[in-house]
S.K.: 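I'd like to ask you about the structure that follows.
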Number of protein chains: 2
Amino acid sequence: MNTELPKTVSEPTLKRLPLYHHFLKELLQREQEAVSCTDIGEELNLDPTQVRKDLEAAGISGRPRIGYATAAVVDGIERFLGWKKVSEAFLVGAGSMGSALLGYRKFEECGLKIVAAFDRDPAKVGRKIHGKHVLALDKLTDLAQRMHVLIGIITVPAVEAQAVADALVAGGVRAIWNFAPVRLRVPEHIIVHNEDLYCSLASLSQKLGQALEANPAEPVTARRLRTATLS
Amino acid sequence: MNTELPKTVSEPTLKRLPLYHHFLKELLQREQEAVSCTDIGEELNLDPTQVRKDLEAAGISGRPRIGYATAAVVDGIERFLGWKKVSEAFLVGAGSMGSALLGYRKFEECGLKIVAAFDRDPAKVGRKIHGKHVLALDKLTDLAQRMHVLIGIITVPAVEAQAVADALVAGGVRAIWNFAPVRLRVPEHIIVHNEDLYCSLASLSQKLGQALEANPAEPVTARRLRTATLS
DNA sequence: TAGATTGTTAATCGATTAACAATC
DNA sequence: TAGATTGTTAATCGATTAACAATC
């Protein structure tokens, strides 16, 4: 009876959809009711055909000659990305990165509600960060199970990440957003997204090196000035 | 005279190299002097041929039957990624995310040295975060210019990001690591890397939604228990 | 009607994977 | 020598881009 085929959508497409969403929300505020792929492409520096393909993948259609109805696209993207029904998450590791994430209020508009944080450090347990309770790490699995929390966010140091992942999986979590610079070993059916800043940085670093090689800068005299300035 | 052709290396490859680096450093500590692509692939769940191709792209070669010399690979990756010569960076936006990044000490091992932070907020200016001075935002361009800083890290709110990018570019920065959820408009020769958490989250969220549709969980009775537990 | 824009199919491009020869 | 592993070329796969028909 279900006509919808579970065609999977490519990662690049999934990451572009929020960009469209963001732009179209702006257009909505300016009360622009229709938009073409060309408009979107120009704003975001993307090929119009690619935009059209992405929207099609998200199940959104427009009308020849008219374009897409702005509100319909916004709504369609939200629905497609699962932003309508918010999932609860536990954040593990209330360090500086964890605390920063606890402060991202817009996550809730993107289907993610962090309901509690966990930390090993007794000094942090019992406190609140950005309005969220910090609980003891050893309660993680049990609470995840009882509360049927679906998402785990890992912001602990690398060495602890695997143990935390195990605890989350034991607690029945279905997806893990991993900020620790390690590859986690988890059962196949668990969705893992790695947010490894060192990997991103590596790519930036390499490109900068290439660019500097091709077109160096910074004469030595300037270097000397620099040292004087900072110290 | 320069035999090296500036063949560009793909983004996926660049992001895998740090993974190899991390694993091989571990092997080094265990004094394992040689390693095969199969070993690496098994550890990181990657195709051995892909590993070999990646290493080749980084200009690293091994020996048939023996494998790769662990130390040589570690060194080769560091050299290739530009981790040997550290570039200085300014971080703009000393909020929670900015502060978190200021605390990442390992960045220096990856070619990135954050030398100062900037913020609009007078209450933050003059203070130190993780040992780095917070300076007034209006000094950004001038200081970047005089110190020949090459990298800018943007951790300000979305609305301010473009202005900050402009200031960084005016200051002569060559690369921008952008954590604000906006697409920046910068001259062509500037390298921009977007670290848009909402885009990453979107992809996670969509996949979770798909997975839940295929295999739902969480009976209503459990939901009720949950509410009782938290409040 | 004419023209702009979507929808859709085909072509291109690039990355991954497979096959196999070279080599220690 | 035999066998394991690299190096390298070919095949596959998937995403992007181009071409063009359909349509309002």
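Within every chain, numbering begins at 1; the chains are lettered A, B, ... in the order of the sequence lines, protein sequences first and strands thereafter.
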S.K.: Tell me if the NZ atom of B:Lys15 is crowded by more than 12 foreign heavy atoms within 6.0 Å.
M.R.: yes
S.K.: Hey, is A:Arg52 close enough to A:Glu56 for a salt bridge, meaning N to O under 4.0 Å?
M.R.: no
S.K.: Quick check on DNA chain D: between A:Ile66 and A:Glu11, whose nearest nucleotide comes earlier from the 5' end?
M.R.: A:Glu11
S.K.: Please determine whether a side-chain nitrogen of the Lys or Arg among B:Arg185 and A:Glu43 lies less than 4.0 Å from a carboxylate oxygen of the Asp or Glu.
M.R.: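 Answer for the salt bridge query: yes.
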S.K.: For a stem of at least 3 consecutive Watson-Crick or G-U pairs with distances under 3.5 Å, i pairing with j, i+1 with j-1 and so on, which stems involve DNA chain D?
M.R.: C:3-24 with D:3-24
S.K.: Quick one: how far along DNA chain D does chain A reach, first to last nucleotide 5' to 3', anything under 4.0 Å to a heavy atom?
M.R.: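 Counting from the 5' end, contacts occupy D:dA15 to D:dC24.
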S.K.: Here's a test of your reading of the structure: between A:Pro12 and A:Arg52, which maps to the more 5' nucleotide of DNA chain D?
M.R.: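 Nearer the 5' end of the strand: A:Pro12.
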S.K.: With a 6.0 Å cut-off on the ring centroids, do A:Trp83 and A:Phe107 count as close?
M.R.: no
S.K.: Under a 4.0 Å N-O cut-off, is there an ion pair linking A:Glu11 with B:Lys207?
M.R.: yes
S.K.: Base, sugar-phosphate or nothing for B:Arg63? Non-hydrogen atoms, less than 4.0 Å.
M.R.: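 Counting heavy atoms under 4.0 Å across all strands, the contact made by B:Arg63 is with sugar-phosphate only.
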S.K.: Quick one: label B:Thr49 by what it contacts on the DNA or RNA (base, sugar-phosphate, nothing), any heavy atom closer than 4.0 Å.
M.R.: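 Base: the residue B:Thr49, judged by heavy atoms under 4.0 Å, touches a nucleobase.
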S.K.: May I ask you to decide whether A:Asp75 forms a salt bridge with A:Lys84, counting only side-chain N to carboxylate O separations under 4.0 Å?
M.R.: yes
S.K.: Can you confirm whether B:Val115 sits close enough to B:Lys132 that some side-chain heavy atom of one is under 4.5 Å from a side-chain heavy atom of the other?
M.R.: no
S.K.: Please classify the nucleic acid contact of B:Thr38 as base, sugar-phosphate, or nothing, using heavy-atom distances under 4.0 Å.
M.R.: nothing
S.K.: Against B:Leu19, only a single residue in B:Leu44, B:Ile40, B:Leu24 fulfils side-chain contact (heavy atoms from CB on, under 4.5 Å); can you say which?
M.R.: B:Leu44
